[in-house]
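Positions are given from 1 along the sequence. One-based numbering, in listed order, for ligands and for the atoms of each. These figures come from a predicted structure and were not determined experimentally.
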Amino acid sequence: MAEAGKSETPKLCPAVYQYGPHTVRGLKPGQKKKWCTCGLSKKDPWCDGAHKRTGFHSLKWIVPENPDASYDICGCKHTKNAPYCDGTCRERDLESEVKERQEKCLNKEKHPSCSKMCTSCGWVDF
Ligand code: FES
């Protein structure tokens, strides 16, 4: 499991759960959460273990000391400030970038036989 705040060069391309953040409220300060980095979780933005055998790992996040806070937690998996939305989902035409990357993927022929996702382009058969 990676930790929030540590910068890592992404080697794998995540799936996009949604093109925008989840606004999350009511978390307890000090609570430990695991942010989904792969985009496959059915409990997004939190990990449900769906990343197994993809090479992705959840990211550990401890809820800060601010009981009344709400947090915009990234749902596109392309933030540079995980687990928070950093605006990448709005500032770039991320949806077009993802579609283009998937159309040009060198593994495109193998997509129909992918059991979970293509980690080269983020393609997933939802
Ligand atoms: S939802 Fe990922 S950067 Fe905004």
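Tracing side-chain contacts under 4.5 Å through hydrophobic residues (I, L, V, M, F, W, Y), one never reaches Y19 starting from V124; they form parts of separate clusters.
A salt bridge (Lys or Arg N to Asp or Glu O under 4.0 Å) check over residues 35-48, counting only residues at least two apart or in different chains, returns the pairs D44-K77. Applying the side-chain hydrogen bond (donor to acceptor under 3.5 Å, both in side chains) definition to pairs two or more places apart or across chains, those involving residues 90-99 are R92-E97, D93-S96.
The 12-atom threshold is exceeded at CD of Q31, counting heavy atoms of other residues, nucleotides or ligands nearer than 6.0 Å.
You'll find the side chain of W61 reaches within 4.5 Å of the side chain of W46, heavy atoms only.
Judged as a side-chain contact (heavy atoms from CB on, under 4.5 Å), and not counting sequence neighbours, the contacts of C118 are C105, N107, H111, C114, S120, C121, W123.
Residues lining ligand 1 at a heavy-atom distance below 4.0 Å are given as G20, P21, C74, G75, C76, T79, C85, D86, G87, T88, C89, ordered by chain and residue number.
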